[in-house]
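See below for the structure under consideration.
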Number of protein chains: 2
Amino acid sequence: MGDTIDNSYWTLKALKSLGGTRSLISISSSELAEYMKISQQSASRFILDLLRDGYIIRQMNGRKQDISITEKGMSVLVKEYADLSVILEKPIKMKLHGNVQSGLGEGRYYISRKGYIVQFQEKLGFIPFLGTLNLKIKSGSELSLRKLRSMDGIHIDGFVTDDRTYGPVKTFLGNINGIKCAVIFPERSVYSDVLEVISVEFLRDSLSLKDGDELLVEVEGPFN
Amino acid sequence: MGDTIDNSYWTLKALKSLGGTRSLISISSSELAEYMKISQQSASRFILDLLRDGYIIRQMNGRKQDISITEKGMSVLVKEYADLSVILEKPIKMKLHGNVQSGLGEGRYYISRKGYIVQFQEKLGFIPFLGTLNLKIKSGSELSLRKLRSMDGIHIDGFVTDDRTYGPVKTFLGNINGIKCAVIFPERSVYSDVLEVISVEFLRDSLSLKDGDELLVEVEGPFN
DNA sequence: ATTACTAGACATCGAGTAG
DNA sequence: TCTACTCGATGTCTAGTAA
């Protein structure tokens, strides 16, 4: 049961290679086996492992099986890609394009908790304006967003108050149109294409933004 | 002896992570073991495997060992990175910056062989000017060059004449300042930071180039 | 055709330990 | 301390085969 990520990684990579951009991969265990140069039995076993761990979902379909890689599965591949990027690339600025989205007011509540604020000052070097700017990331920047999510960033500890628990978050420093900011993710996040940005300034005012406006966020390395 | 690339890959990745940009990694098998969450014995074994296969070279140094990853070793990591890039990224143009270098006249001889010319026409869609433009790639584009080298490209078969053997090469289509061209690599190449470019035109004239001039080559996907 | 179970063959691991 | 060998335990493979 001691499950190395190894086989799962190579199998996911093979499945994604074979499936290309299609979301549904129709493939038999023998075909996968041939591609991976392993036995049909092992291919079958690896697929079951991926299923058990929630990396793929599957629909049996008479002769073959239609496999779809889950978000969790994709993150295994993207994580590896991000790792290699950190190891092999020189420090870079990551660029993310997105459109201003009306905030839900939720972010505002969270980041104004004292437990977070103190750490923002200490680790980011600024006390943010008490509100977040939400950016719906454009599809062209989706992979960058996934890479970012899979990286470690600047860690902000969670804490507990009388009434509830606030989870740990991670942040990355950057800028929007030259204004210093930080992007912020829950440490345990499910995938979302909305990026939350905090800054000393009220960016909506400073940049005269309205919903739908396109923005470029530059996030700075080092990313590890 | 059936050696999966698996362990070699993970070990190289760990070594490169631990070594950072340093070319010499001073590390004990126990330290590596701890990082990889394996036993000291396995770490030792993996290091020996890497040595045997020429992925690293090593100097025993009293207490520890100084490990250096070879070109062949780096290419394992870069290959994986390139694979994931192809799988995960949308088709992109790869940009390579380099400086014009005086050709050695060697490229001219090779590409003018009929066995190659016929295939250039067939697979690239043009008959190149009988000479190559050599670009010394700038360090900022080095990783891109390595990625390119590790990819498959458009395959050109080798052939044999009365007097000698001409090896297979691989090419990638692209452009320089809008002029269609192709970059060309020996299929079995050792690493070099010089890129050979062929084109229908005599690029040195068309672009009024002299040695040392900086150029941008855009290489087109798909890269698999 | 498939998927996937069983079971024996085979490979890999690490504790013990030598040098 | 180190590296790395031996060797028994444990894991992982695939041939055979059921469904």
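Letters A, B, ... are given to chains in the order of the sequence lines, protein chains preceding strands, and every chain is numbered from 1.
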Checklist line | Nearest-angstrom distance from the residue atom CE of B/M60 to C1' of C/dG19 | finding: 12 Å
Notebook entry, point to check: Within the structure, does a side-chain N or O atom of A/S29 lie under 4.0 Å from either OP1 or OP2 of C/dT3?
Noted result: yes
Check: Could you give the CD-to-P distance, from B/Q41 to C/dG14, as a whole number of Å?
Finding: 8 Å
Notebook entry, point to check: Counting just side-chain N and O atoms, does B/S42 come under 4.0 Å of either OP1 or OP2 of C/dG14?
Noted result: yes
Next item on the list: Could you tell me whether the phosphate oxygens of D/dT3, OP1 or OP2, come under 4.0 Å of any side-chain nitrogen or oxygen in B/Q65?
Entry: yes
Next item on the list: Return yes if some donor-acceptor pair links the side-chain N/O of B/N99 with the main-chain N/O of B/G212 below 3.5 Å, else return no.
Entry: yes
Next item on the list: Decide yes or no on side-chain hydrogen bond (donor to acceptor under 3.5 Å, both in side chains) for A/Q40 and A/S29, but give the supporting numbers first.
Entry: CA-CA 6 Å; A/Q40 173 272 324; A/S29 55; 3.2 Å; yes
Check: How many Å lie between CZ on A/R52 and P on C/dT3, as a whole number?
Finding: 18 Å
Note to self: Show me the pairs that pass salt bridge (charged side-chain N to carboxylate O under 4.0 Å, His left out) and involve residues 18-46 of chain A, at least two apart or across chains.
What the structure shows: A/E31-A/K64
Check: What is the distance from CZ of B/F46 to C1' of D/dT3, rounded to the nearest Å?
Finding: 16 Å
Next item on the list: From the options D/dT3, C/dC5, D/dC13, select the nucleotide whose nearest atom is closest to the side chain of B/S28.
Entry: D/dT3
Margin query: Taking only side-chain N and O atoms of A/R45, does any of them lie within less than 4.0 angstrom of OP1 or OP2 on D/dC13?
Written below: yes
Next item on the list: Look through every strand shown and name the nucleotide pairing with D/dT6 as Watson-Crick or G-U wobble, where both distances are under 3.5 Å.
Entry: C/dA15
Check: Base, sugar-phosphate, or nothing: which does A/I47 touch, judged by heavy atoms less than 4.0 Å apart?
Finding: nothing
Margin query: Any carboxylate oxygen within less than 4.0 angstrom of a Lys/Arg side-chain nitrogen, looking at A/D83 and B/K13?
Written below: yes
Check: To the nearest angstrom, how far is B/L48 atom CG from C/dT12 atom P?
Finding: 15 Å
Check: To the nearest Å, how far apart are B/D49 CG and D/dA4 P?
Finding: 11 Å
Note to self: Using every non-hydrogen atom in the two residues, find where A/F172 and A/L148 come nearest and quote the distance to one decimal.
What the structure shows: CZ-O, 3.4 Å
Next item on the list: Output the residues of residues 30-40 of chain A in contact with DNA chain D, where contact means a heavy atom of the residue under 4.0 Å from an atom of the strand; sort by number or write none.
Entry: A/I38, A/S39
Check: Atom CG of A/L51 to atom C1' of C/dA4: distance rounded to whole Å?
Finding: 12 Å
Notebook entry, point to check: Which class fits the ring pair B/Y109 and B/Y166: parallel under 30°, tilted 30 to 60°, perpendicular over 60°?
Noted result: tilted
Margin query: Please check this pair: side chain of B/T171 against backbone of B/I154, looking for a donor-acceptor N/O pair closer than 3.5 Å.
Written below: yes
Item checked: Distance in angstrom units between A/D6 CG and C/dT12 C1', rounded -> 12 Å
Check: Would you say D/dC2 has OP1 or OP2 under 4.0 Å from some side-chain N or O of B/R58?
Finding: no
